[in-house]
*Asks:* 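Can you keep this structure in mind? I'll have questions shortly.
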2 protein chains.
Amino acid sequence: MADTDRPMRSDARRNRELLVAVARRHLRLHGVTTSLEAIAREAGVGPGTLYRHFPDRDCLVAEVLRVENDELRAAGERIARDVGPAERLDAWLGEVERHVASYRGLSGPLVGALEGGQPTPLGPACEEMIATTTRFLAESQEAGVARPEVTAHDLVGCAAMLAWLGSTGPQGTQQADGARDILRHGYKVPG
Amino acid sequence: MADTDRPMRSDARRNRELLVAVARRHLRLHGVTTSLEAIAREAGVGPGTLYRHFPDRDCLVAEVLRVENDELRAAGERIARDVGPAERLDAWLGEVERHVASYRGLSGPLVGALEGGQPTPLGPACEEMIATTTRFLAESQEAGVARPEVTAHDLVGCAAMLAWLGSTGPQGTQQADGARDILRHGYKVPG
DNA sequence: AGGTTACCGGAGGCAGCCTCCGTGTACGGT
DNA sequence: ACCGTACACGGAGGCTGCCTCCGGTAACCT
């Protein structure tokens, strides 16, 4: 076993970055079921190259998601700073929903990776979401805004559901608005 | 234009019924994305025959769903008869959720067909669900159990979301339990 | 400069979708 | 009972996408 941490060969790194960039666009346009071959084609590499860098679809998605994750973290910090305690949880969950909805069809895989029974490529993308939600939720519960029985997992699951519903068609957005309203009444302390 | 209501030829009817029966089993096992070719193969007919009877996947699913719809209707009547007004809506929505969850991946297409902008093959399967939900909801609202702002479309959307969440993996069921609890708190009058 | 090794990329096998068309057969009229 | 026709059958085949394997290429190290 030679030293495995040799730096990546230059052409490899170039191809990898190119693939991620192209994948990002394709995911935005066609959702997570977009054709991997098309991505390879547009990046000007063979299918083999794509599959070597990203053994399966989830690995590629996870890589693309790392960037978006930074944006989500920033949103979390902004909310902690600018939004009052009463609306903080709502605002945060809205961001989570938007994040999960960023690529059509992402909600399914993400929910699947939520509970880290065995680690999946998407696991890291979830952990931070859960962690931040736990923080905001605990705050809200101590402030008497959120019901104590609710858990962070529940809430992230709810956000994912909303993201899913919102992406099921033209009126999905309206459906999701109604459901979001019900959910907000549901996790808050009545009154 | 000859008389178009001539009875179907006997072999055609036989094949059609056979296809539906086989499709039913395959849908249960593999969800709505199951291979149509496999269904045709097992039914002993060519792909052409399948596509002639059911021009697209939704048409086949809709046909299979007609039977389950009868069961749902029966459940509705049972609930109206046996369940007290306080739990009636909960019980009904549970049935809707179970119905939508009967085939993995069905929730998406069903939600898409909920608002009948233009009629889809799955439209009829939705209308009755909406109608019954409207009835139970109105009852509950008059009884002061459900919040007046909630609509039947919202609730069916919620049931579909839960069905979706419950089918996303092993722990999806637990996730869905938590979300269902939140939703129930959300559509009821607090207190 | 030259050898080593990591990496490339395309060919190819497989499965699924859907269509088209030559063949076969159920049915209604005589 | 027979026949003609229109309806239905089913398989071949074109297309796309997934994924693997391997001969060749070029980057890197000395």
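Order of the sequence lines sets the chain letters (A, B, ...), proteins ahead of strands, with each chain counted from 1.
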*Asks:* Let's see if you can work this out: which of C/dC8, D/dC18, C/dG16 has an atom nearest to the side-chain heavy atoms of A/D11?
*Replies:*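 Ranking C/dC8, D/dC18, C/dG16 by closest atom to the A/D11 side chain puts C/dC8 first.
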*Asks:* Atom CZ of B/R13 to atom P of C/dC27: distance rounded to whole Å?
*Replies:*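 Interatomic distance, CZ of B/R13 to P of C/dC27: 10 Å.
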*Asks:* Name the closest nucleotide to the B/H53 side chain, picking from C/dG10, D/dC9, C/dC17.
*Replies:*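 Per side-chain heavy atoms of B/H53, the pick is D/dC9.
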*Asks:* Look at B/S10 and C/dC27 and indicate whether a side-chain polar atom (N or O) is within less than 4.0 Å of OP1 or OP2.
*Replies:*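 B/S10 to C/dC27 OP1/OP2: side-chain N or O found under 4.0 Å.
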*Asks:* Round to the nearest Å and state the distance from A/R52 atom CZ to D/dT20 atom P.
*Replies:*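 Answer to the nearest Å: 12 Å.
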*Asks:* Side chain of A/Y51: nearest nucleotide among C/dG9, D/dA8, D/dC18?
*Replies:*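 Within the option list, the nearest is D/dC18.
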*Asks:* Mind calculating the distance between CG (B/L50) and C1' (D/dG11) to the nearest angstrom?
*Replies:*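 Interatomic distance, CG of B/L50 to C1' of D/dG11: 14 Å.
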*Asks:* Would you indicate which nucleotide in D/dA8, C/dG9, C/dG16 comes nearest to any side-chain atom of A/V45?
*Replies:*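 Taking heavy atoms from C-beta onward, the closest nucleotide is C/dG9.
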*Asks:* Nearest 0.5 Å please: distance from the CG atom of A/L122 over to the CZ atom of A/R57.
*Replies:*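 CZ of A/R57 is found 12.0 Å from CG of A/L122.
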*Asks:* A/R14 CZ to D/dA27 P: how many Å, rounded?
*Replies:*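 For the pair A/R14 CZ and D/dA27 P, the rounded distance is 8 Å.
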*Asks:* What integer distance in Å separates B/M8:CE from C/dG28:P?
*Replies:*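 For the pair B/M8 CE and C/dG28 P, the rounded distance is 14 Å.
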*Asks:* With heavy atoms under 4.0 Å as the rule, sort A/T49 into base, sugar-phosphate or nothing.
*Replies:*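 The residue A/T49 makes base contact.
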*Asks:* What is the distance, to the nearest angstrom, from the CD1 atom on B/I39 to the P atom on C/dC18?
*Replies:*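 Rounded to whole Å, this separation is 12 Å.
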*Asks:* Return the CG to CD distance between B/D82 and B/E87, rounded to the nearest 0.5 Å.
*Replies:*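 Between B/D82 CG and B/E87 CD, I get 12.5 Å after rounding to 0.5 Å.
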*Asks:* Using 30° and 60° as the class boundaries, would you call the ring planes of A/W164 and B/W164 parallel, tilted or perpendicular?
*Replies:*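 Parallel, since the angle between the ring planes stays under 30°.
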*Asks:* Would you state whether a donor and an acceptor, one from the side chain of A/R9 and one from the base of C/dA6, lie under 3.5 Å apart?
*Replies:*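 Side chain to base: pair found, below 3.5 Å.
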*Asks:* Report the distance from atom NE2 of B/H26 to atom P of C/dC17, rounded to the nearest whole Å.
*Replies:*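 In whole Å, C/dC17 P lies 12 Å from B/H26 NE2.
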*Asks:* For C/dC8, does either OP1 or OP2 sit under 4.0 Å from a side-chain N or O belonging to A/N15?
*Replies:*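 For C/dC8, OP1 or OP2 has a side-chain N or O of A/N15 closer than 4.0 Å.
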*Asks:* Rounding to a whole Å, what distance do you find between B/H30:NE2 and C/dG16:C1'?
*Replies:*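 Checked: the NE2 to C1' distance equals 14 Å.
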*Asks:* Do A/I182 and B/L155 have side chains that approach each other closer than 4.5 Å (heavy atoms only, starting at C-beta)?
*Replies:*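 They are in side-chain contact.
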*Asks:* Could you go step by step and tell me if A/E63 and A/R24 meet the salt bridge (Lys or Arg N to Asp or Glu O under 4.0 Å) rule?
*Replies:* CA-CA 9 Å; A/E63 184 63 30; A/R24 199 174 147 86; over 6 Å; no
*Asks:* Scan B/R57 against the nucleic acid and name what it touches under 4.0 Å (heavy atoms): base, sugar-phosphate only, or nothing.
*Replies:*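 Sugar-phosphate, no base atom in range.
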*Asks:* Establish, with yes or no, whether the OP1 or OP2 oxygen of C/dA15 is under 4.0 angstrom from a side-chain nitrogen or oxygen of B/S35.
*Replies:*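 No, because none of the side-chain N or O atoms of B/S35 sits under 4.0 Å from OP1 or OP2 of C/dA15.
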*Asks:* Using a cut-off of 4.0 Å on non-hydrogen atoms, how would the nucleic acid contact of A/R41 be classed: base, sugar-phosphate, or nothing?
*Replies:*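 Sugar-phosphate only.
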*Asks:* Any idea which of C/dC17, D/dG17, C/dC8 is nearest the A/E37 side chain?
*Replies:*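 Within the option list, the nearest is D/dG17.
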